[in-house]
Amino acid sequence: MEALGQYIGAGLATLGMGGAAIGVGNIFAQYLAGALRNPSAADGQFARLIFGFAVTEALGIFSLLVALLLLFAV
Amino acid sequence: MDPIHQFQITPLFGEGMFAFTNSSLFMVATVLTITLFLILATSRSSLVPGRWQSLAELSYEFVANTVRQTAGQEGMRFFPLVFSLFMFVLIANLFGMVPYAFTVTSHIIVTFALAMLVITTVIVYGFWKNGIRFLRLFVPAGIPVFLMPLVVAIEVISFLSRPISLSVRLFANMLAGHITLKVFAGFVVQLAAALGLVGWGLAILPLGMAVALQGLEFLVAFLQAYVFTILTCIYLNDAIHPGH
């Protein structure tokens, strides 16, 4: 029974990645929209794009971490 | 067929905590590759660079521009640290893309050690250069007084979660990518074993997917090395210019 709970919990934890997917998609969509409006300013914002992507992605990675912890560490 | 098997650490010689493992072997190979590449590429340097020399200059310029853009000219004193981190993570990731090779960065203890190195550098240099004013990092300017306790608490938590997110991002990306690759490669064998000749025909689908994922993994290998570098620069910038 305990193992069953672990698997259900790990499955539920992966739902958090959906939120990260929305966030990362939003970041790249907004960057592309801005870059098409003003292509000359696009290259200068590339570092910020990657930074925003990394920070947003971290939250999705945390939910993967919870899932892995539930499967292998609990 | 076990997709986790590729991350197994096996001692090559020696025993217990001091064993020389396959992980150590690939770390040594990574460092040797970088050292040999940079020494050989720049040993006979000429004004008009050849292929190898321009590759070395390209990687230098790439990291140097990143450091200057995010941490300013003062950040260039950390260039050796940042360049070593970038090259180590990049080459270790790329070594992992070779079939049957071991991916050093797919183990959290390795990436956590790298992240702690960065965070310790930030804290030590921040206090050494700014003294107690380094703590202004946690107090953003222009915040109403009644919101201050909440904001400071959030800033402290966000600072403390940096080594975790920095290490877990790299580790989890490499781990998840390599497991996905092996799962799709496993589908090829399982289809062929289960359905015979029809299975061989159907196995083209997961094989194509595995090839496409391999391409994506090369992108991820480079992107994660770049992300690790740029976050290092941003954290170092906090130590150099705190309080904004």
Side-chain angles (χ1 to χ4, degrees), chain A residues 2-4 6-35 38-74, chain B residues 2-4 7 62-72 75 82 86 89 105-108 111-112 115 118 157-180 219-220 222-238:
Chain A
E2 253 180 58
L4 186 67
Q6 278 181 357
Y7 290 136
I8 293 176
L12 287 177
T14 57
L15 290 179
M17 288 177 219
I22 295 172
V24 171
N26 207 3
I27 283 173
F28 280 100
Q30 298 287 346
Y31 173 77
L32 208 55
N38 188 358
S40 58
D43 286 345
Q45 301 304 316
F46 185 70
R48 285 190 187 148
L49 169 77
I50 296 295
F51 176 68
F53 158 75
V55 171
T56 313
E57 194 202 22
L59 300 173
I61 294 287
F62 283 152
S63 69
L64 174 70
L65 187 69
V66 171
L68 288 178
L69 283 176
L70 278 172
L71 284 179
F72 298 113
V74 174
Chain B
D2 182 10
I4 310 287
F7 304 117
F62 181 68
V63 179
N65 280 338
T66 308
V67 174
R68 282 195 208 103
Q69 272 173 18
T70 47
V82 177
F86 174 74
V89 174
T105 43
S106 67
H107 279 263
I108 187 151
T111 59
F112 190 69
V118 171
I157 292 172
S158 113
F159 187 83
L160 290 179
S161 71
R162 276 176 184 183
I164 303 172
S165 67
L166 190 61
S167 58
V168 169
R169 176 180 304 113
L170 178 57
F171 141 77
N173 267 293
M174 299 319 289
L175 182 86
H178 282 255
I179 289 178
T180 320
L219 177 73
V220 169
F222 175 76
L223 192 68
Q224 288 306 320
Y226 181 58
V227 164
F228 198 94
T229 314
I230 205 163
L231 286 175
T232 303
C233 293
I234 286 169
Y235 297 160
L236 286 171
N237 185 40
D238 280 347

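The model shown is predicted, which means the values in this text are computed figures rather than measured ones. Only heavy atoms go into these numbers, but all of them, side chains included; no hydrogens, no water, no symmetry mates.
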Can you list the steps and then say if Val89(B) with Gln224(B) is a side chain to side chain contact (heavy atoms under 4.5 Å, CB included)? CA-CA 8 Å; Val89(B) 174; Gln224(B) 288 306 320; 5.8 Å; no
Contacting region of Leu223(B) [heavy-atom separation from chain A under 4.5 Å]: side chain
Residues from residues 225-235 of chain B approaching chain A under 4.5 Å (heavy atoms): Tyr226(B), Val227(B), Ile230(B), Leu231(B), Ile234(B)
For Phe112(B), what residues pass the ring-ring contact (aromatic ring centres under 6.0 Å, His included) criterion, not counting sequence neighbours? none
Side chain proximity check, Val55(A) to Phe51(A), heavy atoms < 4.5 angstrom: yes
Between His178(B) and Phe7(B), what is the ring plane arrangement, given parallel below 30°, perpendicular above 60°, and tilted in between? perpendicular
Using the rule given for side chain to side chain contact (heavy atoms under 4.5 Å, CB included), can you reason through Phe46(A) versus Leu49(A), listing the C-alpha separation, both sets of side-chain angles and the distance that settles it, and then say yes or no? CA-CA 5 Å; Phe46(A) 185 70; Leu49(A) 169 77; 4.0 Å; yes
Please classify the contact of Leu59(A) with chain B as side chain, backbone, both or neither, using a heavy-atom distance under 4.5 Å. neither
Please confirm whether Phe53(A) and Tyr31(A) have ring centers closer than 6.0 angstrom. no
Working to the nearest 0.5 Å, report the span between CD of Gln30(A) and CG of Leu32(A). 10.0 Å
